[in-house]
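First up is the structure itself, then whatever we jot down about it.
All of these numbers come straight from a predicted model, not from anything done at the bench. In listed order, ligands and their atoms are each counted from 1.
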Amino acid sequence: MNTKPILVVGAGFAGACYARTLAEAGYAVTVIDSRSHIGGNAYDEIDHNGNRVHRYGPHLFHTSNEQVVDWVKRFGEWTPYEHRVDAQLADGRLVPLPVNRTTINTVFGAALSNDSEVEAFLRRLAVPCESPRNAAEHLYSKIGIELTDLFFRPYTKKMWLMDLEEVDISVVSRVSIRHDTEDRYFPNDKFQIMPKHGYTAIFSNIFDHPNITVRLSENFNKAMHEDYLHCFNSMPIDAYFDNVLGELPYRSIKFHHRTQESAADWKCSVINFTDARAFTRETAWYLLPHHRQPDGTGYSHTLEEPCDYRDNGLERYYPVKTADMRYQKIYKKYAELADELPYITFIGRCGTYQYLDMHQVINQSLMGAEKWLQRR
Ligand code: UDP
């Protein structure tokens, strides 16, 4: 056992991966989190209706990375689950999202019957653009103006408070465009699973190691560096440096919970509202596997209303990626400052200012921890 312990700031996936890997390598690890619970934004809990609710919005696990899956499976049982989303049209009809053949046939009253017909149809709608510079040009070149303005423009505006012209392509290309009838939200991922007993239970098991101490409701302060060999820190990197180079903005979400007396007759657990109403989507929690307890009473739903993180108690959920990369450029300068400090490594969504999914955070963090161990 090494003499000085390691400090991990943040008990979400990034912190958990670092803590567990370093603990297994023989280091004593202290994990602190300013919140009163483990799990970061993946935290879930059983609500008053006996439904499992993800406190910070639906977390669907998907990846093609076998090592990531093998790792998370060490810490609990997972159950297969392929996520599907419906988008609600102005007239109330529901259509699959990703935009696929069914979506296109419904919207245009068409009868396209195979991939090549859809391809030809979209080619007629598309606004050709050799090298798209932003989300609008990208989407117009793939699906044309009408579909873009129906499914992406108002949703993106309320989500990011920006027009598609200002948003980076990588943000909207998280959602695929299909020529077939594939309606899974993550069609390209080999593994699509959910923790059978919730994410929080997975985190409890990850932290359940004799070398790991977890302290909740505790804020980081720089004096802590004295007592630790190294600090892996998932706090916002701009906040660590007292915003000296400017602020890195985030979008946040206000969650509105409601209870239904009976189960909704939905095909999917999530419905997206792609029009201009304030909410972006609604989750019916009990439609996710193992999310309703046998003795559950009501049926829990959550609506999401995007907002600036400053209007939501500084809850940072989504780093903002504009087409001109202005915030990524500021982040890079913070990362250069951090490189000067040999005793700290910034990790996770807020530490690296990246719009990362769970599997990407896990992959980066496991690799980062291994690399750090190799360098010692
Ligand atoms: N998006 C959209 N309409 C939709 C779904 C997504 O315009 O119905 C755009 C929007 O800009 C959103 C991005 O695609 O922020 C990524 O969507 P995703 O569902 O991956 O967002 P997340 O689940 O991370 O909130």
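- In this structure, the protein non-hydrogen atom closest to atom 20 (O) of ligand 1 is R174 NE, 2.8 Å.
- Taking 4.0 Å as the cut-off, R153 does not count as a neighbour of ligand 1 on heavy-atom distance.
- Residues meeting the side-chain hydrogen bond (donor to acceptor under 3.5 Å, both in side chains) test with R123, sequence neighbours left out: none.
- The protein heavy atom nearest to atom 3 (N) of ligand 1 is F151 O, 2.8 Å.
- With ligand atoms numbered from 1 in the order given, ligand 1 contributes 8 (O) to contacts under 4.0 Å with heavy atoms of T274.
- Side-chain contact annotation: T103 with N100, donor-acceptor N/O pair under 3.5 Å present.
- You'll find the ring centres of Y250 and Y317 outside the 6.0 Å limit.
- Summary of contacts: the protein heavy atom closest to atom 25 (O) of ligand 1 is Y318 OH, 2.5 Å.
- Using cut-offs of 30° and 60° for the angle between ring planes, the F232 and Y18 rings count as parallel.
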ring-ring contact (aromatic ring centres under 6.0 Å, His included) assessment of H230 paired with W372: CA-CA 10 Å; H230 194 86; W372 186 83; 5.4 Å; yes

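- In this structure the side chain of Y309 never reaches within 4.5 angstrom of the side chain of Y318, judged on heavy atoms.
- Between E305 and the options H256, K158, R277, R281, a side-chain hydrogen bond (donor to acceptor under 3.5 Å, both in side chains) holds for only H256.
- Taking every heavy atom of Y185 and a limit of under 4.0 angstrom, the matching atoms of ligand 1 come to 5 (C), 18 (P), 19 (O).
- Of all the atoms in ligand 1, the ones that sit under 4.0 Å from a non-hydrogen atom of Y355 are 16 (C), 21 (O), 22 (P), 24 (O), 25 (O).
- The nearest non-hydrogen atom to atom 13 (C) of ligand 1, considering only L97, V167, V171, comes from V171.
- Which parts of ligand 1 touch T156 is read off a 4.0 Å heavy-atom cut-off, strictly below it: atoms 7 (O), 9 (C), 10 (C), 11 (O).
- Residue M159 has at least one heavy-atom neighbour below 4.0 Å for each of these atoms of ligand 1: 15 (O).
- Geometrically, ligand 1 and V172 share no nitrogen or oxygen pair separated by less than 3.5 Å.
- Cation-pi check for R35 over Y56 is met; the charged atom lies under 6.0 angstrom from the ring centroid and within 45 degrees of its normal.
- For ligand 1, the polar-atom distance check finds an N/O of R281 within less than 3.5 Å of one of the ligand's N/O atoms.
- Of the protein's non-hydrogen atoms, Y155 CD2, 3.6 Å is the one closest to atom 1 (N) of ligand 1.
- Each of the following atoms of ligand 1 lies closer than 4.0 Å to a heavy atom of N272: 4 (C), 5 (C), 8 (O).
- Each of the following atoms of ligand 1 lies closer than 4.0 Å to a heavy atom of V175: 6 (C), 14 (O), 17 (O).
- Side-chain contact of H62 with D189: a donor-acceptor pair under 3.5 Å is present, judged by distance alone.
- Set against the non-hydrogen atoms of W160, the atoms of ligand 1 under 4.0 Å away are 11 (O), 12 (C), 15 (O).
- Checking side-chain atoms of Q260 against main-chain N and O of S262 turns up a donor-acceptor pair under 3.5 Å.
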